[in-house]
Protein chains: 2
Amino acid sequence: MGISDRKEREKQEMRKLIIGTAMDMFIHDGYEKTSIRNIAEKIEYSPATIYLYYKDKDELLYEVQGEAFAELYKAFEKEATSTDPMEKLEQLLHSYVKFGFEHPDLYDLMFILRSPMKAVSEDWPNCDESFEFLLKTITPCMHQLRFSDPGVASLSIWALGHGLISLFIRQRIKVMHLNDEEQRALITSTVNEHLRLIKK
Amino acid sequence: MGISDRKEREKQEMRKLIIGTAMDMFIHDGYEKTSIRNIAEKIEYSPATIYLYYKDKDELLYEVQGEAFAELYKAFEKEATSTDPMEKLEQLLHSYVKFGFEHPDLYDLMFILRSPMKAVSEDWPNCDESFEFLLKTITPCMHQLRFSDPGVASLSIWALGHGLISLFIRQRIKVMHLNDEEQRALITSTVNEHLRLIKK
DNA sequence: TTATTTTATAAACAGTGTTTAGTAAATTTG
DNA sequence: CAAATTTACTAAACACTGTTTATAAAATAA
C-alpha cells in the first residue's frame with residue numbers, strides 16, 4: 001500500500017499548501033478581499049482544484065481559524081508563565097491584547113468575522129484550548145478575585161479584552177478623537193485598571 | 001422657485017425611500033446579503049437609479065448607521081432617566097446591552113461591521129451624541145467610581161458592554177458550551193458584576 | 001414649439017463563489 | 001505489455017455582486 005500512502009501524503013501537502021497560502025492572503029488582504037481565484041493563481045492551480053480539497057470558502061476560513069487559535073495558544077504559553085496565579089492572569093490578558101495589536105487581521109478572522117457554519121454546528125478547532133487556558137489560570141485566583149463565579153470572571157476578562165481590541169480594530173474608538181498611539185495607550189490603561197478592579 | 005423646491009423635496013423623499021428600504025433589508029438579511037439590485041427591485045427602480053442618490057453601497061451603510069445611532073440615543077433617553085447619577089449609569093449600560101439583544105442586526109452594522117470609508121475620514125452621524133451621553137452620565141459619578149480618568153472609565157464600561165454583545169452576536173461564547181438563554185443570563189450577570197466592581 | 005436640463009434605465013464591465021462536463025495522466029487489472 | 005479504470009485537474013459556464021456608461025424619455029425653460 002505504498003502508493004496510497006504517498007497519495008495521502010500528497011493530498012495533505014496540497015491541503016497545507018492551500019490553507020497556508022489562504023492564511024497569508026487573509027492576513028495581507030483580509031478574508032473578504034481574498035478570492036478563491038487569487039489563491040488558486042498564487043499556487044498555480046485552477047480555482048476548481050481548491051474545491052477538490054475544501055468544500056467551500058467557509059471551510060477555508062474554518063481551517064485558518066484553527067491555525068490562528070493554535071498561534072494564540074502558543075502566545076499564551078510563551079507569555080503567561082508566572083508561577084504566581086494573579087501575575088499569570090495579568091500576563092494572560094496582556095498577551096491577549098498584544099496578540100490583537102500585533103495580528104489585527106488574524107484577530108479579526110478569529111473573533112470578529114461571522115462564524116463559518118461548520119464552527120456553529122460543530123466545534124472550533126484549537127479554540128477550546130485557549131479558553132481552557134483562561135479558565136485554568138483564573139481558577140487558582142478565585143479567592144483573590146472579587147467574583148464569586150468563575151464563568152462570570154472569565155467572561156468579564158475576555159469581554160473587556162475583546163471589547164477593547166475589536167472597537168480598536170473596527171475603528172469605533174474614533175469617537176473619542178484620539179490618534180492611534182493615544183488609543184493604544186488608553187486601551188493598555190483600561191486593561192490595567194480592570195486588572196486592578198477585579199482584585200480583592 | 002416653486003418647482004425647484006418641489007424637486008428638492010422629491011429628491012429627499014427618494015433618498016428616504018432608498019435608505020428606509022435599505023435599513024429594512026439590512027435588518028432582515030444583513031448588510032452583505034442585501035444587494036443594490038434587491039433594494040432597487042423592492043422600490044421598483046433600476047439599480048442604476050440608486051447611484052443617482054448615493055455614491056456607493058458604503059454610503060448607504062453610512063446613512064443607515066446614522067439612523068441606527070439615533071435610535072440608540074433615543075433608547076438611552078428613554079431608559080436612562082434616573083436622577084441618581086450612579087443609578088443612571090447602571091440604566092445606561094443595561095440599555096446598551098438590551099439594544100444589542102433586541103436589535104442584533106442593527107448593533108452589528110453599527111459596531112461590528114467594517115467602517116465605511118466616509119466614517120473613517122469624516123465623522124459618524126449621530127454617534128458622538130450617544131458617546132457624549134455616556135461621558136455626561138459618567139462625569140457626575142466619577143467621585144463614586146474606582147477610576148481616576150473619565151476616558152478610562154467610559155472606555156471600560158463601553159468595552160465591557162460591547163465585548164459581551166459582540167461575542168454573543170458573532171457566536172464566540174459558544175466555547176463556554178451554554179445554550180442561548182444561559183448565555184444571555186451570564187451576560188447580564190457579568191454586566192451587573194462590572195457595575196458592582198467599578199463602584200467605590 | 002423648440003431647446004435644454006433632469007431623471008431613469010438597459011446593457012455592459014469586471015469581479016465573486018461554485019458546479020459541471022470533459023481531458024489527460026496515473027494506477028490497476030487482465 | 002496493453003487495456004480498463006480510477007484519480008487529478010481544468011475550461012467553461014452559472015448565477016450572482018457593485019458599479020459605470022451610453023441612451024432614451026420626461027420635465028422644464030426659452
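Just so you know, these numbers come straight off a predicted model, no measurement behind them. So that the names make sense, note that chain A is the first sequence line, chain B the second, and so on, each numbered from 1.
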Whole angstrom value for the distance that separates [atom2] of [N] from [atom1] of [X]:
| X | N | atom1 | atom2 | value |
| --- | --- | --- | --- | --- |
| B/Asp56 | D/dT20 | CG | P | 8 Å |
| A/Glu8 | D/dA8 | CD | C1' | 15 Å |
| A/Leu17 | D/dC9 | CG | C1' | 15 Å |
| A/Gln12 | D/dA8 | CD | P | 12 Å |
| B/Lys11 | D/dA27 | NZ | P | 18 Å |
| A/Asp58 | C/dG17 | CG | C1' | 11 Å |
| A/Glu59 | C/dG17 | CD | P | 15 Å |

Give the residues of residues 43-54 of chain B touching DNA chain D, defined as any heavy atom closer than 4.0 Å, sorted by residue number.
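The stretch gives B/Ala48, B/Tyr51 as the residues lying under 4.0 Å from the strand, ordered by number.
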Will you find, in the side chains of [X] and [Y], an N or O donor that is under 3.5 Å from an N or O acceptor?
| X | Y | answer |
| --- | --- | --- |
| A/Ser35 | A/Asn38 | yes |
| B/His162 | A/Ser166 | yes |
| A/Trp158 | A/Tyr96 | yes |

Do B/Arg184's NZ or CZ and the ring of B/Phe101 fall within the cation-pi criteria of under 6.0 Å and 45°?
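Judged by the rule, B/Arg184 and B/Phe101 form a cation-pi pair.
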Lys/Arg cation over aromatic B/Phe131: B/Lys136, 6.0 Å, 45° cone:
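B/Lys136 over B/Phe131 ring: no.
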Answer yes or no: is there an ion pair linking A/Arg114 with B/Asp108, defined by an N-O contact shorter than 4.0 Å?
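Counted as a salt bridge, because a side-chain N and a carboxylate O are separated by less than 4.0 Å.
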Under a 4.0 Å N-O cut-off, is there an ion pair linking B/Arg196 with B/Glu193?
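So B/Arg196 pairs with B/Glu193 through a salt bridge.
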List every contact pair, protein side and nucleotides 13-16 of chain C side both N or O, where the distance is under 3.5 Å.
residue	atom	partner	partner atom	Å
C/dT16	OP1	A/Ser35	OG	2.9

Pairing residues for A/Ala80 by the side chain to side chain contact (heavy atoms under 4.5 Å, CB included) criterion, not counting sequence neighbours
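Per chain and number, A/Ala80 pairs via side chain to side chain contact (heavy atoms under 4.5 Å, CB included) with A/Lys88, A/Gln91, A/Leu92, A/Phe133.
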